[in-house]
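Source: prediction; values computed, not measured.
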Amino acid sequence: MTGFAARRGTGAGHAWVWDLRSVNGKGLDLRLRLPDWIDGLELAVRAELQKAVPRGNVTLTLKVMQDGGGDDGVFRLNRRQLAAALAALGEVEAAAVAAGVTLRQPTATDVLTLRGVLDQSNETQDTAPLRAAILADLPGLLADFAAMRETEGAALAAVLAAQLDRIEALTAEAQREAVARSAVQADTLREAVTRVMAATDAVDAGRLAQELAMLAVKTDVTEELDRLSAHVAAARAHLTETAPVGRKLDFLMQEFMREANTLCSKAQSLALTRIGLDLKTVIDQMREQVQNVE
């Protein structure tokens, strides 16, 4: 979802500069900074952006100037707002004097920067030709934006593919370690049972068999490893899709982490625990990258 594009254009006696950028986000958040004196511009631009960008925090800035380097309008003093601002300043100064606080006297520039004191309006009454020219330039900006996002997406896909390779390698390593652990556990358990049986005749063979079966289930990591392999295959399939897959990958990251946590809890082996922790590290890194996928 990360992207950036800038573009310049001219038409209808004006020049303009676009600045479009986006960062990752769960939904679509559009923040438009457009000249409000061009009738109907914001509504039309917003509609085009909603069609082009389905997800992300998007900021679009448009600066319009009169062709030849002039500004986009003239300033007029709003005398009503000026009077209200001066009255408010008088109240603030009186309150400060009463409290024994000395304030710096505001300058004319300070007053003019107060909201509403200056009105900016354009000398051209009919802004329809300018709006049409600007909207005709918008598809070029969106094409540049999409091209950069595709480049970013290709680089991100390579990063995610490498992380999936790492998860797959760790899963295979865990499978080998689980097999080795089973042999050691069987020998250890057999020795423990022999010692218990030799020490007393009061052991219930049925209950002992039941407890051993429960212990075997609690330490078996076969299902977790099988699901990790399945999640890797699903994630790789999503990376080849052309439709937005960010939400699907985000869900898979939760499932990846669930299996890694269970693997660590069932490990009963330093080597298997280390593999589980390495898996969690890679999955967490991948989850951060997935937040940038549309």
Give me the atom names and distance for the closest heavy-atom approach of [X] to [Y].
| X | Y | answer |
| --- | --- | --- |
| Ala174 | Leu225 | CB-CD2, 3.6 Å |
| Ala260 | Ile283 | CB-CD1, 3.9 Å |
| Gly9 | Asp137 | CA-OD2, 4.1 Å |
| Val221 | Ala178 | CG2-CB, 3.8 Å |

Is the closest side-chain heavy-atom distance between [X] and [Y] below 4.5 Å?
| X | Y | result |
| --- | --- | --- |
| Met286 | Met253 | yes |
| Thr273 | Leu270 | no |
| Trp18 | Ile134 | yes |
| Leu130 | Trp37 | yes |
| Leu41 | Leu135 | yes |
| Leu62 | Val45 | no |
| Leu252 | Val290 | no |
| Gln163 | Val159 | yes |

Residue pair Leu30, Leu60: steps toward the side chain to side chain contact (heavy atoms under 4.5 Å, CB included) verdict: CA-CA 8 Å; Leu30 295 179; Leu60 174 64; over 6 Å; no

I need the [X] [atom1] to [Y] [atom2] distance, nearest 0.5 Å.
| X | Y | atom1 | atom2 | value |
| --- | --- | --- | --- | --- |
| Asp144 | Leu20 | CG | CG | 9.5 Å |
| Gln105 | Leu103 | CD | CG | 8.0 Å |
| His238 | Arg247 | NE2 | CZ | 14.0 Å |
| Phe145 | Leu138 | CZ | CG | 11.5 Å |
| Glu42 | Leu49 | CD | CG | 10.5 Å |
| Leu272 | Gln175 | CG | CD | 10.5 Å |

If Ile, Leu, Val, Met, Phe, Trp and Tyr residues are connected whenever their side-chain heavy atoms lie under 4.5 Å apart, and connections chain through other members, are [X] and [Y] in the same group?
| X | Y | answer |
| --- | --- | --- |
| Ile167 | Leu277 | no |
| Phe4 | Leu142 | no |
| Leu34 | Val64 | yes |
| Val58 | Met148 | no |
| Leu86 | Leu114 | yes |

Got a sec: does the [atom1] of [X] have more than 12 other heavy atoms crowding it under 6.0 Å?
| X | atom1 | value |
| --- | --- | --- |
| Glu223 | CD | no |
| Arg46 | CZ | yes |
| Arg33 | CZ | no |

Within the distance-only criterion (no hydrogens, no angle test), does the side chain of [X] pair as donor or acceptor with the backbone N or O of [Y] below 3.5 angstrom?
| X | Y | value |
| --- | --- | --- |
| Arg31 | Asn57 | no |
| Asp284 | Lys280 | no |
| Asp165 | Ala162 | no |
| Arg55 | Val293 | yes |

Side chain to side chain contact (heavy atoms under 4.5 Å, CB included) between Asp110 and Leu89, intermediate numbers included: CA-CA 11 Å; Asp110 294 333; Leu89 288 172; over 6 Å; no

Residue pair Thr281 / Asp278, side-chain donor-acceptor N/O under 3.5 Å: no

Residues Arg149, Glu152: salt bridge by 4.0 Å N-O rule: no

Carboxylate-amine/guanidinium contact Arg176 Glu173, below 4.0 Å: no

Side chain to side chain contact (heavy atoms under 4.5 Å, CB included) between Arg21 and Thr61, intermediate numbers included: CA-CA 9 Å; Arg21 58 191 68 205; Thr61 302; over 6 Å; no

Residue among Gln289, Arg287, Glu288 satisfying side-chain contact (heavy atoms from CB on, under 4.5 Å) with Gln291: Arg287

Verdict with supporting geometry, Leu249 and Leu239, side chain to side chain contact (heavy atoms under 4.5 Å, CB included): CA-CA 9 Å; Leu249 288 174; Leu239 290 180; 4.1 Å; yes

Pair Ser229-Asp226, side chain to side chain donor-acceptor pair (under 3.5 Å): steps then yes or no: CA-CA 5 Å; Ser229 297; Asp226 287 345; 5.6 Å; no

Working for salt bridge (charged side-chain N to carboxylate O under 4.0 Å, His left out), residues Arg274 and Glu177: CA-CA 11 Å; Arg274 176 190 59 78; Glu177 180 57 35; over 6 Å; no

